[in-house]
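Since we're looking at a predicted model, the values are computed, not measured.
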Amino acid sequence: MNGQIGLLKNKWKAGLYLLPAVMVIFLLVGYGMWSAVAQSFQTIDGSWTTNSYLTLFRNQLFLDSIILTIRVTTIATILALAIGLVMTRLLYQFFKDSSSKLLVWIPILIPHFVAGYLVFLFLSQSGLLSSFLSHLGVIENRADFPVLVQDQFGLGIILTYVWKEVPFVILMLLPVYYEIDHRYSEVVRTLGGSRWDSFKTVEWPWLLPVLVETGVILFAFIASAFEVPYLLGVTRPEMLPVRAYEWFFSGDWSKRPLAFSAMIVPGVVALLLSVSLIGAIQKHRLRMVKGRVR
């Protein structure tokens, strides 16, 4: 336990050392964000107005896009975290061998656009899987294959992000499992506790902060990503980044403020959510250092 507490303190010190670099990045990103925010409040002639936000929340295309974006992002994030946690818990001993970690690193090296294209190539109605099943006689023709990509629910987008982000979750959780003193699990089992009791008492307090932080990263990334929804999505409704892209490049300059506003609103919501969750997680870490976790 002392070693784990010392490791937490070292992480805090490392965070302080990285603070200047973080501040520089924050200033650069903040400048770009301020530019986008300013343009979302401006009309074509440069005057300031809030009409773009009022118009945005009355726009049915935006409302449909935000609902689809929240649904796809939430489902993909939860599935990636759950599958990554289960795989890490089952295989962390296997991944101690550095050569075995290549099985996790290889999917991370594949760009998301390529991953989306592979999903389309294998799982579309004209893809390899439908052709193979048709050849075996499982289905009469490829049109009988279920629509898994370019569907209104966003199933193809979810599948792409799940298989791309599960390796990321595993690599985030592996160091945690290597830090946990698993002798405490043996103590719980010796005292009559079940596997669930062991997981809840010994592992979960250490996993929760990393899972929340990883979930915030995944949620923000998936909600703002463009290439996979553009490749695997439908024309109506679109994911929010695709909707903003179409407004920005539609040729109608009056829709430019809508495009900026469409990305500012979820960005602000994600920022507030991240600050609140990470603040709660930091309090959880402090309680762990003080030995007050239950």
Sequence neighbours excluded, which residues qualify as side chain to side chain contact (heavy atoms under 4.5 Å, CB included) partners of F226?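 Y230, P241, V242, Y245.
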[X] to [Y] - nearest heavy-atom pair and separation:
| X | Y | result |
| --- | --- | --- |
| S134 | N141 | OG-CA, 3.9 Å |
| Y161 | P229 | OH-CD, 3.6 Å |
| L85 | V169 | N-CG1, 4.3 Å |
| M239 | L68 | N-CD2, 3.8 Å |
| F153 | I158 | CE2-CD1, 4.0 Å |
| V210 | W206 | CG2-O, 4.1 Å |

Using the rule that Ile, Leu, Val, Met, Phe, Trp and Tyr join whenever any side-chain heavy atoms are under 4.5 Å apart, tell me whether [X] and [Y] fall into a single cluster.
| X | Y | answer |
| --- | --- | --- |
| V162 | I108 | yes |
| M172 | L90 | yes |
| Y117 | V234 | no |
| L211 | Y178 | yes |
| L133 | V147 | no |

Is there a side-chain contact between [X] and [Y] (heavy atoms, below 4.5 Å)?
| X | Y | answer |
| --- | --- | --- |
| W247 | F62 | yes |
| V216 | E213 | no |
| L174 | L171 | yes |
| F122 | L148 | no |
| T73 | F221 | no |

Taking atom [atom1] of [X] and atom [atom2] of [Y], what is their separation to the nearest 0.5 Å?
| X | Y | atom1 | atom2 | value |
| --- | --- | --- | --- | --- |
| L79 | T74 | CG | OG1 | 10.5 Å |
| I217 | F168 | CD1 | CZ | 4.5 Å |
| L207 | T214 | CG | OG1 | 10.0 Å |
| S130 | H135 | OG | NE2 | 13.0 Å |
| I139 | Q125 | CD1 | CD | 8.5 Å |

Contact list for residues 63-89, test salt bridge (charged side-chain N to carboxylate O under 4.0 Å, His left out), sequence neighbours left out: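 Only R89-E203 qualify under salt bridge (charged side-chain N to carboxylate O under 4.0 Å, His left out).
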Which residue pairs satisfy the salt bridge (charged side-chain N to carboxylate O under 4.0 Å, His left out) criterion with at least one member in residues 165-176, sequence neighbours excluded?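 As it turns out, there is no salt bridge (charged side-chain N to carboxylate O under 4.0 Å, His left out) pair with a partner in residues 165-176 once direct neighbours are skipped.
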CZ of F113: more than 12 outside heavy atoms within 6.0 angstrom?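 No - once you tally the heavy atoms of other residues, nucleotides and ligands closer than 6.0 Å, there are 12 at most.
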Give the intermediate values and the outcome of side chain to side chain contact (heavy atoms under 4.5 Å, CB included) for residues T160 and F120. CA-CA 9 Å; T160 302; F120 180 84; over 6 Å; no
Exactly one of L232, V149, L123 should register a side-chain contact (heavy atoms from CB on, under 4.5 Å) with L159. Which one does?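 The single option meeting the side-chain contact (heavy atoms from CB on, under 4.5 Å) with L159 is L123.
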Spell out, as yes or no, whether a donor-acceptor pair under 3.5 Å connects the side chain of S276 to the backbone of L272.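 It does hold such a pair.
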